[in-house]
Amino acid sequence: MSDTRSDTVSVVERTRAVAAGGAVVGAHFLGRTAVFVLGEEALLFAEPDGEERRMAVHDGAILASAGDGARIVSGGDDGKVVTTDAGSSRVIAADPKRRWIDHVALGPDGAAAWSAGKTAFVQAKELQQFAAPSTVGGLAFLPKGFRLAIAHYNGATLWFPNAPQAAPEPLEWKGSHLGATVSPDGRFLVTTMQEPMLHGWRLAGRQHMRMAGYAARVMSLDWTAGGRWLATSGATQIILWPFHTKDGPMGKQPRLLAPAEPRVEIVACHPQQDIVAAGYGDGMVLLVRIEDGAEILAKKPGDAPVSALAWSADGLLLAWGAEDGAAGVVDLG
Amino acid sequence: MTDKIPVTVLTGYLGAGKTTLLNRILSEPHGKKYAVIVNEFGEIGIDNELVVGADEEVFEMNNGCICCTVRGDLVRILDGLMRRKGKFDAIIVETTGLADPAPVAQTFFIDENVGRRTKLDAVVTVADAKWLNERLKDAPEAKNQIAFADVILLNKTDLVSAEELGEVEARIRGINPYARLHKTERAKIPLGEVLDRNAFDLDRILDIEPAFLAGDGHDHEHAHDHDHERGHDHDHHHAHHHGGLKHYHDEEMQSMSLKSDQPLDPDKFFPWIQDLVQKEGPNILRCKGILAFKGDDQRFVFQGVHMILDGDHQRPWNKDEKRDSRIVFIGRNLPGKTITEGFESCIA
């Protein structure tokens, strides 16, 4: 198997190129419109009819973004949290000290969460805040019960923003926890760590899971449809941890797919099928079927690292963006 | 390699003049733009959109190494600053007066994402000419900051007599003879002496005055001519005079330098140095070296902080350049004999 994937089935010719003009740091869909998050200031909308337009949303670097198909929430080094839909954007919070908004997350019923330094905020009906024991490394809503998982040093905390009487629940594990994700069924919380490993908690019974063996810090992780697998970057292949049994990945080996010379930089799972899109350090994008490891080439290698990937909700469009400002939308329909 | 953003780490005990130097860097017309990571907002008198507040959050890595500490907030801030790459030429990290420089330096070696985009240019320590002597006695942080430095600004020289200045300079040299030392008033210095020093000022270790280091009569001539210069097993706090310059040995912090004009065997050197920093890492604050390996036309440079080592080929040896290998260590209670013998055993 050569790294150029020259024999691999290709859908590269179905790509509509988009010139982002600056590093792409995130991608989301609003319906069938691909939205690229640029490293500084703007979102770039690539409409289905081919029109492209830019919307300035921050006065500086965009540090974090999250999307749920209907809106995109972003945080910047201008201290602002901005929500954007197809037509307009609106500042929903501005830090009085202009602290960086490091992380954002979207929750049920229009709720949004963000963090600045050691403070986590949730905006639902009203604004609530929580003082974490140290700088917040990542945020993730649980699917039920309006709970927010907050990753920080030496563990994570489960916080109930609407129930001030309920004490936040600490989950302890030594080290620096930098990112957080909750399985779609709400049973597992997984954090990325400063070390090249993941840490997991089975929330019922508080069991620990240590997922190690990576070559680099894991910067990207995503759940496959229904939460059967957790796909991750950080190695020269896609690492998939099995979560479809009662105990999750405990005592099990991960599945390793689509090996290549460069590392996987970013992953995004298909919204319906067990297919993972993976972006590599050499600019290649592969679509990989988990069942048999079959690969489809979505972008040729030989460019800057892939830094953003997103699927449309119907799973027919794949948006990718790269560190050098190249971007594209692949139409699989 | 070349497009990595250089990072200068600015340390110094409370009141030594760090903020004065920082304000100087930000206000002088040098045509460069700096992103500055400060530990406290408000002290900087310059309005600069690229001034970022840090929390100095230090944590241990989960790798079984107690001296392996990282500044978690720096990882986050540098990740964020890289999104505005192109808006600034270099980064300056100011630490608090009580900070140990090691976690800052180790962050650049341990976090791959940070190391891929930035490089540690130099650790610059501002020292107070009037009070440093006192601080070296009662504040371990102050001693660490001197030991760690690539560049030292001996500041507030106008507040001390020539004799006092000589005394404090000798104390500094007793701990760290390798740093470039500048005597300043109100942190006044050409900024080129502080910024963009490149590669941790590695070449500096090649051109230290041997007389200064070996001046206390233990320059052993061996059959293959490599000299050991170490301030070890000596009468402590015993001042020697060499051409008018006092020479002190610090009770716990020493430096040693090893040199060989014979090429080294990489298959011996790497296992040796790895093993050494594994065992002595907590005591070794800094090490750096320029190495000539047998059959290798490239100069190999490395540096380390405690147990973390980082090295690479730097450039081809020049035709008229002497292919000497030289390494220096700065640390506490260094086992001089073991290190010397270990180094000698690496000769090809």
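Reminder, nothing fancy here: chain letters follow the sequence lines and each chain counts from 1. What you see is a predicted model, and the numbers here were worked out from it, not measured in a lab. Quick note: numbers below take in every heavy atom, side chains included, and nothing from hydrogens, waters or symmetry partners.
In this model, a donor atom of one side chain and an acceptor atom of the other lie less than 3.5 Å apart for Thr135(A) and Glu57(B).
Environment of NZ in Lys174(A): crowded, with over 12 heavy atoms of neighbouring residues, nucleotides or ligands closer than 6.0 Å. In Arg210(A), the CZ atom is not crowded: 12 or fewer heavy atoms of neighbouring residues, nucleotides or ligands sit closer than 6.0 Å.
When heavy atoms are compared at a cutoff of 4.5 Å, Ala23(A) does not approach chain B at all. If you measure heavy-atom distances from Ile62(A) to chain B, the contacts under 4.5 Å come from the backbone alone.
In this structure Trp100(A) satisfies the ring pair (Phe, Tyr, Trp, His ring centres under 6.0 Å) test with no other residue, sequence neighbours excluded.
Atoms CZ and NE2, on Phe59(B) and His177(A) in that order, are 9.5 Å from each other to the nearest 0.5 Å. Rounding to the nearest 0.5 Å gives a distance of 9.5 Å between CD of Glu112(B) and CE of Met219(A).
Among Asn113(B), Asp73(B), Asp111(B), the residue making the largest number of heavy-atom pairs under 4.5 Å with chain A is Asp111(B). The residue among Pro196(A), Ser176(A), Gly117(A) with the most heavy atom pairs within less than 4.5 Å of chain B is Ser176(A).
Ala61(A) approaches Gly80(B) most closely through the heavy-atom pair CB-O, 4.4 Å.
Comment: Glu40(A) engages Arg84(B) in a salt bridge, judged by a side-chain N to carboxylate O separation of less than 4.0 angstrom.
Looking at Asp77(A) and Arg83(B), their side chains never come closer than 4.5 Å, going by heavy atoms from C-beta outward.
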